[in-house]
Amino acid sequence: MQSDVSGKEQLEALAGRFPTDFVWGSATAAYQIEGAVNEDGRGESIWDRYSHNPANIRDGQPGDVTCDHYHRWPEDIGLIRELGMNGYRFSIAWARIFPEGTGQVNEAGLAWYERLVDTLLEAGIQPWVTLYHWDLPQALQDRGGWANRETVDAYAAYVEVVARRLGNRVAGWITHNEPYIHTFAGHYQGRHAPGGTDLANALQTAHHILLSHGRAVKVLREITPSVPVGITLYLSPTRPASDSLEDVAAARRADGYINRWFLDPVFGRGYPADMLEFYGKGGFLPKIEPGDLDEIATPTDFLGLNSYFQTFVRAVAPGPGRELEAVHVTGDDARALGFEVTETGWPVVSDAFRELIVRVHQDYNPPAIYITENGAAFRDEVVDGQVHDPRRISYLETHLTAVAQAMEAGARVRGYFVWSLLDNYEWGLGFTVRFGIIYTDYPTQQRIIKDSGRWYKGLIEANRSRV
Ligand code: IFM
């Protein structure tokens with residue numbers, strides 16, 4: 001076993017690899033933590049509708065209460081402060097601002113987020129705001145959702161209202177969270193809201209989300225010119241599950257549909273040619289209007305990078321639900337490849353994380369990168385009022401080492417937000433997995449800082465003590 005002395009030395013050595021102005025934060029999302037779904041005029045979102053069908057959620061539970069953060073936010077900000085973080089990434093629920101998606105603004109919703117932002121600032125914590133984290137107002141879904149081009153205008157109007165209210169108090173705007181997961185899990189695989197299963201619809205959805213990103217960047221630049229703006233993409237290094245030509249081709253295709261389909265247009269290259277051909281053959285291509293690609297490529301100040309694991313890919317014959325002709329190897333299958341896997345079945349491969357960050361830096365050259373999510377779910381237990389989670393500490397340590405290595409290779413990484421601040425509602429998995437560095441005891445709403453939370457605090461303190 002490692003002694004405390006070498007543990008401390010190791011921590012200090014890691015902390016010393018980051019600049020002292022690094023943003024150390026944690027991330028959450030509105031539907032995953034807020035609860036209070038019927039309070040202060042909030043409208044219904046697609047996640048309310050979807051999660052109220054128990055068949056859609058692993059434990060049958062909706063996110064109506066989850067961490068009750070809507071009422072407990074002062075305590076939660078206190079915890080962020082106690083852990084020494086100087087950044088907090090959270091999302092705004094569109095349906096709290098526009099209960100019907102468009103039209104009448106709900107003042108109470110704006111006021112709630114304004115209070116949150118001001119209190120964070122008073123506590124010395126930078127507010128990083130995600131404007132859309134998957135919770136479309138149901139009223140807009142009823143009109144076709146993101147596949148309807150009018151949703152782009154509705155989003156721009158919502159962004160404008162939020163930007164005018166919160167203004168330059170925000171440290172960074174993130175237009176969207178992980179369009180790949182939202183469009184594929186929610187519109188093609190049916191395992192997230194709104195539960196769609198049509199690849200063409202998913203790709204039209206993705207196109208409009210990207211378009212709305214470009215439009216929002218322009219709106220935000222006009223209203224809050226001093227606040228950096230970016231988009232957060234889910235990225236995963238892909239690797240063939242075997243050396244077979246088919247698996248190699250499937251891994252390349254997975255890189256196309258997971259990574260390049262989103263990175264390329266945001267960075268001005270349009271959609272990747274190999275994927276245009278692949279989707280074109282199947283008749284899945286979205287309708288793209290003249291000027292769309294220019295708008296999507298509106299320059300940004302940073303890329304938000306979310307990554308959790310390396311995707312091992314196996315080729316499969318095409319068929320219904322298998323239009324991508326590829327499956328991702330997780331759980332026991334990933335274990336059989338020789339990897340440790342997390343509670344969500346994701347293989348732990350920190351080297352691939354370093355390679356991914358370096359690749360994004362070299363191939364796309366974003367002005368700055370923020371790791372806006374990274375973390376792991378493990379089975380946590382409370383023992384004598386404490387939560388010992390050595391596997392999460394090891395995950396964070398190896399992945400932060402990967403970040404440091406990527407920075408040493410030239411990547412301009414400016415901050416890291418661990419997913420997540422608190423155990424929370426994990427979408428289609430309900431409350432069955434825990435990602436927090438703080439434990440949430442849902443029946444009592446008691447928060448318990450896990451060992452990983454204390455480790456993170458120690459790392460931040462060691463980094464600051466170099467000032
Ligand atoms: O909980 C999610 C989050 O909402 C988006 N990124 C991945 C996390 C873990 O699955």
Side-chain angles (χ1 to χ4, degrees), residues 25-35 45-48 50-51 56-59 61-63 66-67 69 88-94 128-136 174-187 189 191-194 206 209 230-237 258-259 262 303-311 328 330-331 334 341-348 353 356 370-380 392 395-396 399 416-440 442 452:
S26 58
T28 61
Y31 188 70
Q32 293 182 272
I33 65 163
E34 286 179 1
S45 83
I46 54 174
W47 268 99
D48 297 306
Y50 182 83
S51 69
N56 288 333
I57 310 296
R58 189 189 268 176
D59 60 4
Q61 300 294 314
T66 179
C67 305
H69 173 75
Y88 174 53
R89 171 180 176 232
F90 62 93
S91 80
I92 294 189
W94 184 342
W128 286 75
V129 177
T130 309
L131 288 154
Y132 183 77
H133 197 124
W134 307 350
D135 46 359
L136 188 73
I174 294 164
T175 55
H176 281 277
N177 181 70
E178 300 182 359
Y180 163 70
I181 299 289
H182 186 43
T183 55
F184 277 61
H187 298 75
Q189 297 159 346
R191 59 187 178 89
H192 276 190
I209 286 180
I231 184 170
T232 280
L233 297 182
Y234 171 90
L235 299 177
S236 180
I258 298 173
N259 303 318
F262 297 90
L303 174 69
L305 193 162
N306 286 6
S307 194
Y308 288 83
F309 67 104
Q310 180 159 42
T311 304
H328 302 172
T330 56
V341 302
T342 67
E343 226 16 48
T344 39
W346 300 342
V348 178
F353 188 42
L356 173 75
Y370 288 85
I371 307 302
T372 39
E373 283 181 32
N374 174 244
F378 292 109
R379 195 167 300 159
D380 297 316
R392 186 173 290 102
Y395 181 97
L396 294 177
H399 285 72
Y416 176 92
F417 295 80
V418 62
W419 185 271
S420 180
L421 174 67
L422 302 165
D423 293 336
N424 58 49
Y425 187 73
E426 179 57 19
W427 309 111
L429 302 182
F431 297 106
T432 61
V433 293
R434 295 177 175 272
F435 274 92
I437 54 173
I438 297 174
Y439 186 93
T440 308
Y442 296 107
S452 57

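In each ligand, atom 1 is the first atom listed, and ligand 1 is the first ligand listed.
When each of Y234, W427, Y425, Y31 is tested with H133 by the rule ring pair (Phe, Tyr, Trp, His ring centres under 6.0 Å), just one qualifies, namely W427. Among T372, I231, N306, the single residue meeting the side chain to side chain contact (heavy atoms under 4.5 Å, CB included) criterion with N177 is N306. Among the candidates W47, Y50, Y180, the single residue satisfying the ring pair (Phe, Tyr, Trp, His ring centres under 6.0 Å) test with H192 is W47.
Between Y132 and W94, the two ring planes are perpendicular [angle over 60°; tilted spans 30° to 60°].
Using a 3.5 Å distance cut-off with no hydrogens or angles, the side chains of Y88 and T28 do pair a donor with an acceptor.
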Polar pairs, ligand 1 vs protein, N/O only, below 3.5 Å.
unit_1	atom_1	unit_2	atom_2	d
ligand 1	1 (O)	Q32	NE2	2.9
ligand 1	1 (O)	W419	NE1	3.3
ligand 1	1 (O)	E426	OE1	2.6
ligand 1	4 (O)	Q32	OE1	2.7
ligand 1	4 (O)	H133	NE2	2.8
ligand 1	4 (O)	W427	NE1	2.8
ligand 1	6 (N)	E178	OE1	3.3
ligand 1	6 (N)	E178	OE2	2.7
ligand 1	6 (N)	E373	OE1	2.4
ligand 1	10 (O)	E426	OE2	2.5

task = Check step by step if side-chain contact (heavy atoms from CB on, under 4.5 Å) holds for N424 and W419.
result = CA-CA 10 Å; N424 58 49; W419 185 271; 3.9 Å; yes
